[in-house]
S.K.: 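So that we are looking at the same thing, I have put the structure below in structure tokens.
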Amino acid sequence: MTKEKNNPTETKAIKPFVISRTFDVPRERIWKAWTERDELMQWFGPKGFKMINAKLDFRLGGIFHYSLQSPDGKEMWGKFVYREIAAPERIVLVHSFSNEAGGITQHPMAPTWPREMLSTFILEDQGGKTTAQIEWIPLNPTEEERKTFDSSHEGMKQGWSGTFDQLNEYLAKG
């Protein structure tokens with residue numbers, strides 16, 4: 001065993017994943033897009049994915065349980081559990097992959113991906129425009145999950161950039 005595994009006080013710090021984008025709409029408009037089921041169903045998910053099921057209970061302790069369909073027709077489920085809501089500027093939640101019943105599961109394509117992510121969404125008013133920032137950090141990861149997370153920032157950047165693209169296209173429709 002390595003020294004790191006033998007000594008729990010010597011753990012490696014996890015570098016959070018952070019991404020942001022400025023949108024040409026007021027903060028209240030983006031807040032609505034993030035907090036209403038019918039709006040989330042129009043844009044949320046990686047580029048090319050379509051949300052096909054969603055249940056939203058937007059409150060502290062509430063859950064957003066959804067499924068996405070990939071361009072090749074595969075379905076995957078996800079879940080948010082809301083920990084903090086400060087309208088219209090901040091949402092903190094635990095994000096995980098799930099099954100249809102809402103149980104937490106492994107990432108369908110990456111079994112060493114952390115099972116739960118602490119996600120913080122911050123919306124900053126920029127005088128009629130809004131900067132949306134997302135920060136992800138794994139909750140209680142194993143060493144293998146931490147390494148997977150740390151080595152996946154570029155892929156997360158691509159995924160969230162596509163999601164932001166879809167949000168921007170949705171917002172441009174009015």
S.K.: Looking at CE of M76 and CD of Q69, how far apart are the two atoms once the value is rounded to the nearest 0.5 Å?
M.R.: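 Interatomic distance, M76 CE to Q69 CD, rounded to 0.5 Å: 10.5 Å.
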S.K.: Minimum heavy-atom separation for W31 and E89, please, with both atom names.
M.R.: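 Residues W31 and E89, closest heavy atoms: CZ3-N, 3.8 Å.
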S.K.: Got H107 and E145 here, is their nearest side-chain heavy-atom distance under 4.5 Å?
M.R.: no
S.K.: Check side-chain contact (heavy atoms from CB on, under 4.5 Å) between R37 and all other residues, then give those that pass, not counting sequence neighbours.
M.R.: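 For R37, the residues satisfying side-chain contact (heavy atoms from CB on, under 4.5 Å) (neighbours in sequence not counted) are M41, A54, L56.
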S.K.: For the residue pair M117 and F17, establish whether any side-chain heavy-atom pair is separated by less than 4.5 Å.
M.R.: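 In short, these two side chains do not touch, never coming nearer than 4.5 Å.
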S.K.: Might you work through the side-chain contact (heavy atoms from CB on, under 4.5 Å) test for Q42 and K173, ending with a clear yes or no?
M.R.: CA-CA 11 Å; Q42 299 300 312; K173 293 176 186 176; 5.8 Å; no
S.K.: Decide whether I122 and I85 are clustered together by the hydrophobic rule: side chain heavy atoms of Ile, Leu, Val, Met, Phe, Trp, Tyr closer than 4.5 Å, transitively.
M.R.: no
S.K.: Counting only heavy atoms not in E100, do more than 12 fall under 6.0 Å of its CD?
M.R.: no
S.K.: Parallel, tilted or perpendicular: which one describes the rings of W34 and F121, with boundaries at 30° and 60°?
M.R.: tilted
S.K.: More than 12 heavy atoms of other residues, nucleotides or ligands under 6.0 Å from NZ of K47: is that the case?
M.R.: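 Buried by this count: over 12 neighbours within 6.0 Å.
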S.K.: Can you name the residues that form a side-chain contact (heavy atoms from CB on, under 4.5 Å) with E75, not counting sequence neighbours?
M.R.: I52, N53, S67, W77
S.K.: Less than 6.0 angstrom separating the ring centers of F58 and F64, yes or no?
M.R.: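 Between F58 and F64, the centre distance exceeds or equals 6.0 Å.
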S.K.: When hydrophobic residues are tied together by side-chain contacts of less than 4.5 Å, even through go-betweens, does I104 share a cluster with F80?
M.R.: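 I104 does not cluster with F80.
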S.K.: Using 0.5 Å steps for rounding, measure from the OG1 atom of T22 to the CG atom of N168.
M.R.: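 If I round to the nearest 0.5 Å, the distance is 10.5 Å.
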S.K.: If the plane angle is over 60° it's perpendicular, under 30° parallel, otherwise tilted; pick one for F44 and W160.
M.R.: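 F44 and W160: perpendicular rings.
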S.K.: Looking at every non-hydrogen atom in both residues, tell me the closest pair between P26 and T130 and how far apart they are.
M.R.: C-OG1, 3.1 Å
S.K.: Taking side chain as C-beta onward, heavy atoms only, is S161 less than 4.5 Å from I19?
M.R.: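 S161 vs I19: side chains touch.
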